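Okay, structure first, notes after.
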Amino acid sequence: MAWNSLRNTGVRWLRRGLIVLAATYALYLMAGNAFLNTALGARALNAKPERFQMHWSSGRTWWPGRVSLRDVVLRGQSRRLVWEASAMRLEGRIALWPLLSRRLHVSDVRADEVHGGVRRVERDLVAPPARAGGWELQFDRIASASVRRAYFDGLLLEGDGTVQVGFYKQLQGGPMTLMPSVARFRKARLAYAGAEVVREADAQVRLAMDRHRRDEAAGIDKLLKSELAVALKGKTSGVDITIGPDGKGALRLVPGTGTADLDVVFARGRLAPGSRVRWSMPLGGHDATGTTRRDALGLALAVDRDIVVKATMPRRDDGRMSLDADLTLRGNDVPLRRFASLLPRASGHVVGDWHFSSLRWLSDMVAQAGWLSFDGAGDVHADVRIAGGRLAAGSRIAVPGVDAVAEVMGNRVRGRARAELQLDAGAQDQPIPRLQVVMEHFQVASSKAPAAVYVQGRDLRLSVNAAGDPAQLRDTLEARVTFAGARVPDLRVYNAFLPSVQMRFDGGAAR
C-alpha cells in the first residue's frame with residue numbers, strides 16, 4: 001500500500017515535470033521563432049546600425065541554443081573600413097547560461113555560399129571612449145566549405161574556398177584576439193579593378209592575432225600583433241605599357257601567361273626566414289612612335305637573416321626595357337608606414353635600360369644647387385652599385401638625350417644634351433662624381449630675359465668633377481666649359497653692356 005502510494009506520487013511529479021518541460025519548450029519555440037521571424041530580432045541586433053547591421057529572410061530554432069538563419073547579410077564599419085558578409089544559410093550553437101553574465105559564447109557556426117569583403121570610405125567613424133563592462137563575444141569556430149567571393153577595395157578573389165575563423169572581442173574598447181584561422185581557395189581568380197591578375201590559383205592564408213586592446217594597436221599597427229602566412233601558386237596575366245607622345249606611360253593588365261609561386265610568413269613586423277616569392281609576367285605595349293614592344297619581367301624574393309630581392313628583364317630586340325637587379329636589404333623587419341626607410345638598408349648591383357616620362361630627378365642627383373637641371377622624357381642606361389642606400393664607386397648613368405639648362409653667372413645655357421655621370425673611387429674609397437654633358441647645339445641668354453638669345457653655338461662640353469657625395473656636388477665641384485662655332489645672332493642685345501649711349505649696335509651678327 002505504501003509502495004503504491006509512493007509510486008503514484010512519483011508518477012504525478014514526473015508528469016508535472018514533463019508538463020513543465022513541454023510548456024517551457026513550447027514557450028521557447030514560440031518566443032525563439034517569433035524573435036527570429038519578426039522585427040523583434042532585427043530591432044534588438046541593429047540598435048547601432050551605423051556600426052553593425054544584421055538582416056535575414058527567415059530563421060528557426062528547434063532546440064535551445066541552436067539557431068538556423070537563411071539569406072543572412074551582415075554589415076559594419078570600423079573607422080574608415082566598411083565590411084560586409086553574406087551567406088545563404090547560417091547555423092550556430094549559442095551557450096545560453098553565459099548570456100546572464102553579458103557574454104555571448106558561440107561554440108560553432110557553419111555558413112553556406114559565403115560572399116564578403118572590406119572597402120575603404122571617406123567618412124571616419126571614430127570609436128567611442130573605452131568603458132568597462134562591455135559585452136564579451138567569443139566565437140570558437142566559424143566555418144564554411146563554400147566561400148565563393150572575397151574582396152578588399154578593388155582587389156577581388158573568386159573561386160572554391162573554405163574558411164575557419166575563431167575570435168574573442170569585448171565591446172566598448174575591451175581586448176580582442178584572433179585565434180589561429182585559415183582560408184583556402186582552389187581554382188581561384190584574383191582580379192584588380194575588373195582586370196585579371198592571377199588565374200587557376202591555389203591559395204592559402206593563415207592569420208592569428210595576439211590579445212590586445214584598441215589603444216595598444218589600431219589600424220595597420222595590428223600587424224605588429226599578428227602572424228600572417230600567405231601561399232599562392234597560379235598563372236599571372238600580362239601588363240601593357242603604352243608611352244604617349246608626352247613621354248608619360250599608362251599601364252593596364254592584359255591577357256598573358258606568367259607564373260606566381262609564393263610562400264611568405266610575416267610575424268609581428270618581420271618576414272620569417274624561409275619566405276620566398278617567384279613571379280614572372282609578360283610586358284607589352286607601344287612606345288611614343290607607335291612601335292610594338294615585348295618584354296618579360298621576373299621577380300624573386302628570398303628571406304633569411306636579410307631580405308634578398310632580384311628582378312630580371314632580359315634584353316630583347318623588340319623590347320623597350322632591360323633590367324638585372326640584385327639587392328640585399330639588411331635585416332628582415334618590414335616598416336609598416338615609412339616604407340622609404342628600407343632604402344638605407346639596401347646594397348647591391350642594378351643594371352638596366354629604362355624610359356622615363358620625366359628626367360627631372362637627374363637634377364637632384366647631380367646638383368642640389370639648381371644651377372644645372374634636366375627635363376623632358378628620355379632613356380636612361382644605368383650600371384650602378386648601391387651601398388647603404390647610396391650610389392657607390394663604380395656606378396655609371398648615361399642619358400643619350402635630354403633637355404638641359406645650366407645657370408652660369410647670370411647666363412642661361414640651354415640645349416639638347418647627352419649626359420653621363422660616373423662615380424670613381426677616391427683615395428679613401430669615397431665616391432668622386434664625374435659628370436660629362438655634351439650639347440650638339442646650344443643657346444645662351446640672360447637669366448632675366450631667357451627669350452633674348454645672344455649666343456648660339458655647337459659642341460658645348462661641360463665637365464664637372466667633385467669629391468664627396470653626389471648630393472653635395474655643389475660644395476666641391478670643379479667645372480670646365482668648352483664650345484665651338486659660337487655666333488651672336490643679333491648684336492643689339494649687347495647695347496645694355498656698352499659704356500655710353502654714343503656707342504650702340506643697330507644690328508648685325510658676329511662669330
Side-chain angles (χ1 to χ4, degrees), residues 41 44-48 50-54 56 64-69 72-79 81-87 90-111 114 116-118 125-145 147 150 152 161-184 204-230 265-269 336:
L45 292 175
N46 299 317
K48 296 182 178 180
E50 72 281 2
R51 296 190 180 277
F52 176 81
Q53 296 182 40
M54 182 175 180
W56 59 93
R66 291 280 189 174
V67 176
S68 178
L69 303 175
V72 181
V73 177
L74 299 96
R75 293 189 181 91
Q77 181 173 349
S78 175
R79 299 302 301 260
L81 294 179
V82 172
W83 61 270
E84 63 179 0
S86 64
L90 196 69
E91 295 181 350
R93 184 170 62 189
I94 303 172
L96 299 180
W97 288 115
L99 294 175
L100 300 177
S101 58
R102 298 174 61 85
R103 184 165 174 257
L104 176 60
H105 183 194
V106 182
S107 58
D108 184 68
V109 175
R110 288 175 294 166
V114 176
V118 178
L125 189 60
V126 180
R131 292 183 299 168
W135 272 78
E136 296 179 73
L137 311 180
Q138 180 172 334
F139 288 74
D140 295 336
R141 182 177 180 269
I142 303 173
S144 175
V147 180
F152 183 85
T162 64
V163 65
Q164 181 173 313
V165 179
F167 72 91
Y168 168 86
K169 168 65 178 174
Q170 185 176 25
L171 302 181
Q172 299 181 357
M176 66 93 56
T177 185
L178 181 66
M179 304 167 195
S181 304
V182 61
R184 298 182 180 91
Q204 177 177 280
V205 178
R206 293 182 177 274
L207 179 62
M209 194 176 299
D210 300 334
R211 184 182 179 96
H212 66 280
R213 295 179 178 273
R214 185 175 62 212
D215 55 357
E216 295 173 338
I220 196 171
D221 289 333
K222 289 184 180 295
L223 288 176
L224 299 176
K225 302 287 186 179
S226 304
E227 183 170 324
L228 171 67
V230 180
V265 177
F266 177 89
R268 299 168 185 84
L336 300 182

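Keep in mind the model is a prediction, meaning the values are calculated, not measured.
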query: Got a second to check how far Phe266's CZ is from Glu227's CD, nearest 0.5 Å?
result: 10.5 Å
- request: Would you give the length of the straight line joining atom CD1 of Ile142 to atom OG of Ser181, rounded to the nearest 0.5 angstrom?
  value: 8.5 Å
- request: Any chance you could measure Arg93, atom CZ, to Arg141, atom CZ, to the nearest 0.5 Å?
  value: 10.5 Å
message: Are Phe152 and Trp83 packed together at the side-chain level, in the sense that at least one heavy-atom pair is separated by less than 4.5 angstrom?
response: no
- request: Quick one: closest heavy-atom pair of Arg213 and Gly173, and the distance?
  value: NH1-O, 3.7 Å
- line: Output for pair (Leu207 CG, Met179 CE), nearest 0.5 Å, gives 13.0 Å
message: Could you report the tightest heavy-atom contact between Val114 and Ala87, atom names first, then the distance?
response: CG2-CB, 4.3 Å
query: Any donor and acceptor pair, going by atom type alone, linking the side chain of Gln77 with main-chain N or O of Arg79 inside 3.5 Å?
result: yes
- request: For Val73 and Ser86, work out which heavy atoms get closest and say how close.
  value: CG2-CB, 4.2 Å
- request: Would you mind reporting whether Asp108 and Asp140 have side-chain heavy atoms less than 4.5 Å apart?
  value: no
query: How would you list, by chain and number, every residue that makes a salt bridge (Lys or Arg N to Asp or Glu O under 4.0 Å) with Glu216, sequence neighbours excluded?
result: none
task: Mind checking salt bridge (Lys or Arg N to Asp or Glu O under 4.0 Å) for Arg75 and listing every partner two or more places apart, or none if nothing turns up?
output: Glu84
message: Using the rule salt bridge (charged side-chain N to carboxylate O under 4.0 Å, His left out), only one of Arg268, Lys222, Lys225 pairs with Asp210; which is it?
response: Arg268
statement: In this structure, CG of Leu223 is separated from CG of Leu336 (nearest 0.5 Å) by 5.5 Å
message: On a heavy-atom basis, which atom in Ala229 and which in Val265 lie closest, and how many Å separate them?
response: CB-CG2, 4.0 Å
- request: State, to 0.1 Å, how close Leu90 and Met54 come at their nearest heavy-atom pair, and which atoms those are.
  value: CD2-CE, 4.4 Å
task: Would you confirm whether Ser144, through its side chain, and Arg110, through its main-chain N or O, come within 3.5 Å as a donor-acceptor pair?
output: no
Side-chain atoms of residues 163-170: list all donor-acceptor pairs with protein atoms under 3.5 Å, sequence neighbours left out, distances to 0.1 Å.
| from | atom 1 | to | atom 2 | distance (Å) |
| --- | --- | --- | --- | --- |
| Tyr168 | OH | Glu136 | OE1 | 2.5 |
| Lys169 | NZ | Gly174 | O | 3.3 |
| Gln170 | NE2 | Gly134 | O | 3.3 |

message: Return the CE to CZ distance between Met176 and Arg214, rounded to the nearest 0.5 Å.
response: 11.5 Å
